[in-house]
Asker: 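For reference, the structure I am asking about is given below.
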Amino acid sequence: MARAPLVVLVGRPNVGKSTLFNRITSSRRAIVTAVPGTTRDVIEQAASWRGTEFRLFDTGGMFGATEDPLLQLVVEKGKQAITYADLLVLVLDGQQGVVPGDLEIVSQLRASGKPAIAVVNKIDVRKAREAAMQFYELGVEPLLEVSAEHGTGVSDLLDEIARRLASPRRADAAVPATDDTAKVRADDPRSQRPKEIAVAVVGRPNAGKSSLVNRLLREERMLVSEMPGTTRDAIDAVLKWHKREFRIVDTAGIRRPGRVAKSGQVESLSVLVARRAIEKADVVVLVIDATAGATDQDAAIAGEADKQGRAVIVVANKWDLVKEKGPDFSRTFDEELRRKLKFLDYASVLHISAATGERTPKLLEAIDRVADARQKRVATPALNRFVQAVTAVHPPASPGRRQVRVLYAAQTGVAPPTFVFFTNVATAFHFSYERFLINQIRDAFGFAGSPIRIQVRRRGGKEKSVRS
């Protein structure tokens, strides 16, 4: 089966690969800062130009000046992306001229045997324009001049990419294949696929998010180290499981706002991207380090997901490290976790180990289940029979002289499930009665893992929204 060809941006740190990536894809997927080594993982996005569709990869900086302690891991990821490429785009810094790191990368590209285009970036600066000719000594042609920041010359680059990709494309078999839980190259408009379920994997730094994503994909897709803050961008990949497609998004660890502010621009942008991933998700997987237990910051992250109306699954990772604590530990751990995350009483809790793979298949089952529950609708007749039965036994409290009666109800939305209760007097229920109704709705109709919203409206009057 044909697939969209893969175009990979390579180059030293801070030459403008991420800026060019964002420019070509018309997105802000890649985090851009002046700090060398900002990008670590490989970011992938669909792109097209004048009818030519392709997948664009942004890689971390290779063989250059950077203080990133994970440089070697970044280089290995870059080399891996090169092996998958149909076309390589070598991005060079026109302001700095040719440096030894460029020569090392060119050597890697030649060894790969892949076709390549050279791009001199930052030509909006006079010094770069004057120095552009010296890059011909690298022997990579054509050599194009662009300004990724301002868009100058990018259309010429895209024309050349489209021309190079006009040759017959490789089959999918050329890309490493796995079984029905393998990563799938997604967003190809020529393929007819069911709607994807967006899954954001979130949590504090070093909870094991990237290890968990790699385990689910059965591929070392995400860069993993013991150093907190390894992941910076929100990295996504599509996983096919039992004819369902999940877009799994690995996010940067989210620390307390005070610590993020002190850490600088890179982490601040990383956390912003992680929060955007929560906003776009259907299901949020909150990863908690079982050796540390739930913290106030875990509760804050969970609260963000609940506020956005996302389905939530709580994953206690590194369970292999705490099993020796005895049979009662599981019960006491869950009790403490529920106390910390008491507003997430609707979320299931899974004990897993990303390192060993223990119970990780259960997570895919849970994602599938809660994603369906979030879209569930209750027929109006069934809902009103339920309302009559419940309110007959437990009517809402009456703040004034008139008795409050629920006249009827209707489900007005999904994702999250939203219900409107029409009353004769009240425009709000007491908090305890709201919780009672929500719990009764769950018992009767399910909605496992999803928050439920309630709106109370006096017939002919205003309404008040309630989140839970």
Side-chain angles (χ1 to χ4, degrees), residues 4 27 29 43-46 55 178-189 191-203 209-219 221-222 231 233-251 273-287 301-302 304-315 317 344 346-350 352 354 359-377 411 413-418 442 445-453:
S27 71
R29 280 288 312 282
I43 306 173
E44 182 181 358
Q45 179 82 4
R55 302 291 304 174
T178 53
D179 61 10
D180 65 344
T181 62
K183 189 180 76 170
V184 177
R185 302 290 181 191
D187 290 343
D188 185 344
S191 62
Q192 299 300 319
R193 291 190 173 118
K195 177 184 180 296
E196 295 172 351
I197 297 171
V199 182
V201 180
V202 302
K209 300 181 294 299
S210 296
S211 296
L212 176 58
V213 173
N214 285 342
R215 173 66 65 175
L216 294 175
L217 298 175
R218 298 188 182 181
E219 175 187 355
R221 175 67 171 84
M222 310 303 168
T231 301
D233 292 279
I235 314 300
D236 64 281
V238 174
L239 181 147
K240 190 172 182 180
W241 179 81
H242 292 185
K243 299 183 180 180
R244 300 294 295 271
E245 288 187 1
F246 304 142
R247 180 168 290 277
I248 311 290
V249 182
D250 180 25
T251 65
V273 171
R275 295 188 186 281
R276 286 177 180 168
I278 292 175
E279 293 175 7
K280 296 177 180 178
D282 299 302
V283 179
V284 171
V285 176
L286 173 62
V287 182
I301 298 169
E304 184 75 18
D306 180 76
K307 178 182 177 181
Q308 296 292 339
R310 308 309 175 214
V312 180
I313 300 170
V314 180
V315 167
N317 188 29
L344 282 188
Y346 56 83
S348 59
V349 178
L350 299 179
I352 71 167
R359 293 180 62 82
T360 52
K362 295 291 184 182
L363 176 57
L364 296 176
E365 296 175 10
I367 291 171
D368 189 42
R369 183 170 62 253
V370 302
D372 282 344
R374 188 167 179 260
Q375 299 287 342
K376 183 177 180 180
R377 283 191 176 274
Q411 183 177 357
V414 297
T418 302
R442 291 194 191 282
F445 304 111
F447 300 109
S450 177
I452 293 175
R453 303 290 190 249

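Computed from heavy atoms alone, side chains included, the values below leave out hydrogens, waters and symmetry copies.
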Asker: When rounded to the nearest 0.5 angstrom, what is the spacing between OG in Ser450 and CG in Asp372?
Answerer: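 Between Ser450 OG and Asp372 CG, I get 11.5 Å after rounding to 0.5 Å.
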Asker: With sequence neighbours excluded, tell me which residues meet side chain to side chain donor-acceptor pair (under 3.5 Å) with Arg369.
Answerer: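 Counting only residues at least two positions away or on another chain, Arg369 forms no side chain to side chain donor-acceptor pair (under 3.5 Å).
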Asker: Between Arg442 and Phe447, is there a donor-acceptor pair closer than 3.5 Å when you use the side chain of the first and the backbone of the second?
Answerer: yes
Asker: How far apart are the C-alpha atoms of Arg374 and Ile197, what are their side-chain angles, what is the distance that settles it, and do they pass the side chain to side chain contact (heavy atoms under 4.5 Å, CB included) test?
Answerer: CA-CA 11 Å; Arg374 188 167 179 260; Ile197 297 171; over 6 Å; no
Asker: Measuring from atom CZ of Arg244 to atom CG of Asp368, what distance do you get when rounded to the nearest 0.5 angstrom?
Answerer: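 Those atoms lie 4.5 Å apart.
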Asker: For Leu364 and Leu239, what are the C-alpha separation, side-chain angles and deciding distance, and is it a side chain to side chain contact (heavy atoms under 4.5 Å, CB included)?
Answerer: CA-CA 10 Å; Leu364 296 176; Leu239 181 147; 4.1 Å; yes
Asker: Give me the atom names and distance for the closest heavy-atom approach of Arg55 to Ala4.
Answerer: CG-CB, 4.0 Å
Asker: Any idea which heavy atoms bring Ala371 and Val283 closest together, and the distance?
Answerer: CB-CG2, 4.0 Å
Asker: What's the verdict on side chain to side chain contact (heavy atoms under 4.5 Å, CB included) for Val238 and Glu196, showing C-alpha distance, side-chain angles and the deciding distance?
Answerer: CA-CA 8 Å; Val238 174; Glu196 295 172 351; 3.6 Å; yes
Asker: Considering non-hydrogen atoms only, spot the tightest contact between Lys376 and Gln411 and give its length.
Answerer: O-NE2, 2.9 Å
Asker: What heavy-atom pair brings Pro417 and Pro451 nearest, and what distance separates the two atoms?
Answerer: CD-O, 3.3 Å
Asker: In Å, rounded to the nearest 0.5 Å, how long is the span from CD1 of Ile367 to NZ of Lys362?
Answerer: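 It comes to 14.0 Å.
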Asker: Do Asp306 and Tyr346 have side chains that approach each other closer than 4.5 Å (heavy atoms only, starting at C-beta)?
Answerer: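 Asp306 reaches Tyr346 side chain to side chain.
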Asker: Of all heavy-atom pairs between Val312 and Ala347, which one has the smallest distance, and what is that distance?
Answerer: O-CB, 3.4 Å
Asker: Over all heavy atoms of both residues, which pair between Gly449 and Val370 is shortest? Give the atoms and the distance, please.
Answerer: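 Closest approach of Gly449 to Val370, heavy atoms only: CA-CG1, 3.9 Å.
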Asker: Any side-chain to backbone donor/acceptor pair from Arg215 onto Ala354? Under 3.5 Å, distance only.
Answerer: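 Judged by distance alone, yes, a pair lies under 3.5 Å.
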Asker: Quick check against the 3.5 Å criterion: does Arg310 have a side-chain atom that pairs as donor or acceptor with the backbone of Val284?
Answerer: no
Asker: When you compare the side chain of Leu212 with that of Leu363, does any pair of heavy atoms fall below 4.5 Å?
Answerer: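 Result yes, sub-4.5 Å side-chain heavy-atom pair found.
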Asker: Begin with the C-alpha distance, continue with both residues' side-chain angles, and end with the deciding distance and a verdict on side chain to side chain contact (heavy atoms under 4.5 Å, CB included) for Leu350 and Arg359.
Answerer: CA-CA 8 Å; Leu350 299 179; Arg359 293 180 62 82; 4.3 Å; yes
